[in-house]
Amino acid sequence: MNKNLSKKIPASYYQQEDVVAIAKDLIGKKIVSNINDQLTSGIITETEAYRGYDDKACHAHLGKFTDRTKVMYEDGGVAYVYLCYGIHNLFNIITNSKDQADAILIRAVEPVDGVEVMLERRNKLKLDKTLTSGPGNFSKAFALDKSHYGAFLTGDLVWIEENDQFRFRESEITTTTRIGIDYAQEDKDLPWRFYLNTSKFISKR
DNA sequence: AACGGGATTCACT
DNA sequence: GTGAATCCCGTTT
């Protein structure tokens, strides 16, 4: 009774090699934040993979190492958060082993726990798909910002859980191209975005 | 010290 | 569909 209802994913999961496979596998899992004693959770519905050295869309392309990107080179299982367009905190999970600099951007979730808290954080009155779809919107609803740069996904602020109760078919996952990376030349067309097409909480179909 | 741009969102036409 | 908002950071001077 009441077993397996809360299974935090361990660091070894994030340290697997294939960032694209992990990005797809994260669909359907549950992401949780517990910030200022306010717990929010949701089902991951949309992700994008960014692959370290090779990927022209990745901030760590060709080993670029700066104050912003340095956490990407840590062992998998930490958060990489950065400010985009001066407004939006984008939340990523670093994967693979040290120095590989692979990352997965969380682009959308379907809210589960803490909807009232999310509404307050987003200055909204009613739940609709914009509450937690789109990477900036998700981060704001879950109160994830630059203060979580480098946070361990094995810690107590933000983590991901197995979600065995949530079932879906393989055909419910759409594989397509990433968004907002037109500068990445030929890599802009890599099929490294995944979303659960039966959810309405998707940034773009 | 200055400059330019971005893994976006929202309001408006 | 178009454009403004907004600021940190990486690059250049």
Side-chain angles (χ1 to χ4, degrees), chain A residues 14 19-24 26-27 31 42 44-74 76 78-96 100-111 118-151 153 158 160 174-196 200-205:
Chain A
Y14 303 107
V19 67
V20 178
I22 302 170
K24 183 176 182 182
L26 284 175
I27 300 295
I31 188 164
I44 297 172
T45 53
E46 182 178 348
T47 62
E48 276 176 359
Y50 289 85
R51 197 173 68 185
Y53 193 94
D54 297 335
D55 178 4
K56 289 184 174 176
C58 184
H59 292 164
H61 178 51
L62 298 181
K64 187 171 180 177
F65 189 94
T66 67
D67 280 344
R68 183 177 72 153
T69 64
K70 58 189 177 187
V71 80
M72 301 180 77
Y73 296 84
E74 296 297 315
V78 299
Y80 166 48
V81 186
Y82 73 97
L83 188 67
C84 188
Y85 297 106
I87 307 172
H88 307 291
N89 289 290
L90 269 58
F91 181 85
N92 296 252
I93 294 160
I94 298 305
T95 69
N96 208 332
Q100 297 306 304
D102 293 350
I104 296 168
L105 173 66
I106 305 297
R107 293 192 55 90
V109 310
E110 184 163 325
M118 297 186 207
L119 287 168
E120 194 173 325
R121 289 169 176 164
R122 302 256 10 251
N123 300 316
K124 285 177 168 289
L125 299 175
K126 297 173 74 171
L127 172 61
D128 65 30
K129 72 171 189 175
T130 67
L131 183 66
T132 50
S133 59
N137 291 340
F138 154 70
S139 298
K140 190 170 184 188
F142 277 62
L144 297 168
D145 59 33
K146 280 208 62 197
S147 70
H148 306 105
Y149 184 89
L153 277 288
V158 53
I160 299 175
T174 294
T175 301
T176 185
T177 53
R178 297 173 292 178
I179 293 176
I181 55 158
D182 287 349
Y183 59 84
Q185 302 171 38
E186 69 271 19
D187 289 344
K188 75 180 171 54
D189 296 321
L190 290 169
W192 286 358
R193 181 165 71 101
F194 303 95
Y195 65 85
L196 187 69
K200 67 177 180 181
F201 293 88
I202 299 300
S203 70
K204 186 167 185 282
R205 287 176 193 279

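- A donor-acceptor contact under 3.5 angstrom links the side chains of A:T130 and A:K124, judged on distance only.
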Strictly under 3.5 Å: I want the nitrogen or oxygen pairs between protein and nucleotides 11-13 of chain C, one per line.
none

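- Relative to the side chain of A:H59, the nucleotides B:dC10, B:dA7, C:dC9 differ in distance, and B:dA7 lies closest.
- Between the side chains of A:E48 and A:Y50, at least one donor N or O sits under 3.5 Å from an acceptor N or O.
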Show me the protein contacts with nucleotides 1-4 of chain C, counting only N or O atoms at under 3.5 Å.
none

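- Scanning for side-chain contact (heavy atoms from CB on, under 4.5 Å) contacts around A:A184 gives A:K56, A:A57, A:I181, A:D187, A:K188, with sequence neighbours left out.
- The aromatic ring of A:Y85 is not stacked on the base of C:dA5, since the criterion of ring centres less than 5.5 Å apart with planes inclined by under 30° is not met.
- Atoms CD1 and CG, from A:I160 and A:L26 in turn, are 5.0 Å apart once rounded to the nearest 0.5 Å.
- Checked by distance alone, A:H88 brings no side-chain donor or acceptor within 3.5 Å of a matching partner on the base of B:dA7.
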Practice prompt. Dot-bracket notation for DNA chain C is requested: 5' to 3', Watson-Crick or G-U wobble pairs only, both distances under 3.5 Å, with ( ), [ ], | and . as defined.
Written response: |||||.||||||.
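- Applying the side-chain contact (heavy atoms from CB on, under 4.5 Å) test to A:H59 and every residue at least two apart in sequence or in another chain returns A:R68, A:T69, A:M72, A:Y80, A:Y82.
- Here A:R51 does not reach the OP1 or OP2 of B:dA7: none of its side-chain N or O atoms lies under 4.0 Å away.
- Within a heavy-atom distance below 4.0 Å of DNA chain C, no residue of residues 179-186 of chain A is found.
- A sub-4.0 Å separation between OP1 or OP2 of B:dT8 and a side-chain N or O of A:N89 is absent.
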